[in-house]
*Asks:* 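First the structure, which I've put down as structure tokens, then a few questions once you've had a look.
We name chains A, B, ... by the order of the sequence lines, and we start the count at 1 in each one.
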Amino acid sequence: MSEDDDDIILSELPDDELVLQMHDDLYDGLREEIEEGVNIFLERGWEPYKILTVALVEGMRIVGIDFRDGILFVPEVLLAANAMKGGMAILKPLLAETGAPRMGKMVIGTVKGDIHDIGKNLVSMMMEGAGFDVIDLGINNPVENYMEALESEQPDILGMSALLTTTMPYMKVVIDTLVAKGVRDDYVILVGGAPLNEEFSKSIGADAYCRDAAVAVETAKKLMERKHNVLAAG
Amino acid sequence: MDACDSIADLGQLKQSKVLLIACGALAKEILAIKEIGGWDHLELTCLPAQLHLYPEKIPAEVEKAVKLHRGRFERIFVVYADCGTGGLLQQKCDELGVEMVEGPHCYAFFDGLEEFERNSESELRAFYLTDFLVRQFDSFVWQPLGLDRHPELRDAYFGNYEKLVYLAQTEDKSLDNKARLCATRLSLDYARRFTGYGDLPKFLSRLAPHPARGSP
């Protein structure tokens with residue numbers, strides 16, 4: 001059998017098989033195949049939001065589980081994320097047009113003195129995939145950047161990231177500033193980064209420590225639901 | 001010194017043996033410092049340097065090693081800095097009643113903790129290598145990051161970096177050349193700073209049972 005005979009023609013697959021194939025392609029970090037799959041579903045009349053959740057987010061959820069379990073490592077996750085980005089780039093403008101459900105808004109950034117953004121970028125992408133509007137402040141953010149963005153964007157969630165033991169204490173500087181201004185409780189504060197842990201998160205007064213992007217999304221959804229419940233009850 | 005003094009000295013030395021539980025990435029340097037200082041009371045055991053790829057595992061591995069060896073040594077010193085454990089290694093060492101190296105990581109104590117702190121702003125976008133990491137660049141940087149298989153990931157990892165700073169423990173032209181090549185492979189500017197062993201001899205000298213015979 002020639003190699004060509006083994007090739008899968010995505011457009012010939014029925015919907016359910018194409019979804020599974022896209023999960024596989026995401027797992028393997030195949031950006032072009034993901035873009036092709038997204039376009040095929042759009043041609044078949046699928047809602048952008050359905051493509052995003054059923055094909056892309058679910059595929060990345062599987063990647064996230066295998067990363068947590070030590071089956072996949074950072075390079076593979078980055079390739080998968082790059083593939084998902086390809087699909088998201090097609091869907092993003094369409095999601096806005098078709099009025100996909102919005103979960104909330106998040107401002108996120110790596111703290112001052114730290115230029116590491118791999119984890120933060122994954123969180124941003126997964127949060128967008130989960131229906132959050134994400135304002136990404138990038139790297140090396142002094143407290144003023146966070147304050148300015150919180151004021152202008154009025155988000156529900158503030159996310160802070162740090163990879164270095166030397167920079168993670170800066171998260172407390174930001175939270176203390178929020179406390180001093182009397183606006184700490186206006187935001188859900190999520191923190192993450194390799195050297196962080198639950199205990200540190202509690203000690204600086206954050207709402208939750210998120211060990212990876214999937215946990216960040218789940219935690220954000222849960223805390224937003226709680227916030228809405230409190231508002232409804234109030 | 002007569003024979004009796006030597007024997008007494010030996011006895012004291014045996015009683016006051018200190019075990020160093022160190023990161024494998026520091027073995028060569030520790031042995032060099034030990035030899036220069038004539039610090040025979042120091043014994044060395046190492047944990048795999050690969051643990052740095054999974055810093056969250058370091059505290060548990062250090063604990064295992066401390067428990068395994070503590071019966072045979074009067075004192076144990078952990079030659080790890082925080083190394084990305086977010087304070088958990090210090091917490092573990094406190095719990096076990098053993099001391100460890102100060103500072104965030106080996107780049108910092110090789111550079112000297114104060115010097116490293118001073119440089120932190122101007123070298124915000126610096127990626128550091130030590131002698132060990134230059135020698136082991138492929139197995140500790142290039143391959144674990146998947147750059148051998150997926151060079152397109154370079155920007156995801158190093159897009160925010162501007163230069164590679166080689167903190168040199170030794171004067172070795174071949175390592176300098178290799179470090180320069182590493183910078184080229186990562187598309188980063190190159191700088192070399194000779195640090196020697198930095199603060200490491202100072203940490204180890206505190207473990208001397210009696211005044212050190214030499215100073216590295």
*Asks:* Spell out the residues in residues 199-223 of chain A that have some non-hydrogen atom less than 4.5 Å away from a non-hydrogen atom of chain B, in order of number; otherwise answer 'none'.
*Replies:*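 Those residues of residues 199-223 of chain A which have a heavy atom under 4.5 Å from chain B are A:Glu199.
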
*Asks:* Tell me, side chain or backbone of A:Ile115 under 4.5 Å from chain B's heavy atoms, or both, or neither?
*Replies:*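 Both parts, backbone and side chain.
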
*Asks:* Non-hydrogen atoms of chain B under 4.5 Å away: do they reach the side chain of A:Asn140, the backbone, both or neither?
*Replies:*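 Only the side chain of A:Asn140 comes within 4.5 Å of chain B.
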
*Asks:* For chain A, which residues from residues 118-135 of chain B have at least one heavy atom closer than 4.5 Å to it?
*Replies:*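 Hits under 4.5 Å: B:Leu124, B:Arg125.
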
*Asks:* For B:Tyr54, is it the side chain, the backbone, both, or neither that has a heavy atom closer than 4.5 Å to a heavy atom of chain A?
*Replies:*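 Answer is side chain: those atoms of B:Tyr54 sit under 4.5 Å from chain A.
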
*Asks:* Heavy-atom pairs under 4.5 Å with chain B are the metric here; pick the option from A:Leu79, A:Leu164, A:Leu196, A:Asn197 that has the most.
*Replies:*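 It is A:Leu79.
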
*Asks:* I'd like to know which of A:Asp117, A:Asn82, A:Asp114, A:Leu163 tops the heavy-atom pair count under 4.5 Å against chain B.
*Replies:*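 The answer is A:Asp117.
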
*Asks:* Going by residue number, which parts of residues 168-177 of chain B are within reach of chain A, meaning a heavy-atom gap below 4.5 Å?
*Replies:*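 None at all.
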
*Asks:* Which residues, numbered in order, of residues 138-158 of chain B come under 4.5 angstrom of chain A by heavy-atom distance?
*Replies:*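 Interface residues of residues 138-158 of chain B: B:Pro144, B:Leu145, B:Gly146, B:Arg149, B:His150, B:Glu152, B:Leu153, B:Ala156, B:Tyr157.
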
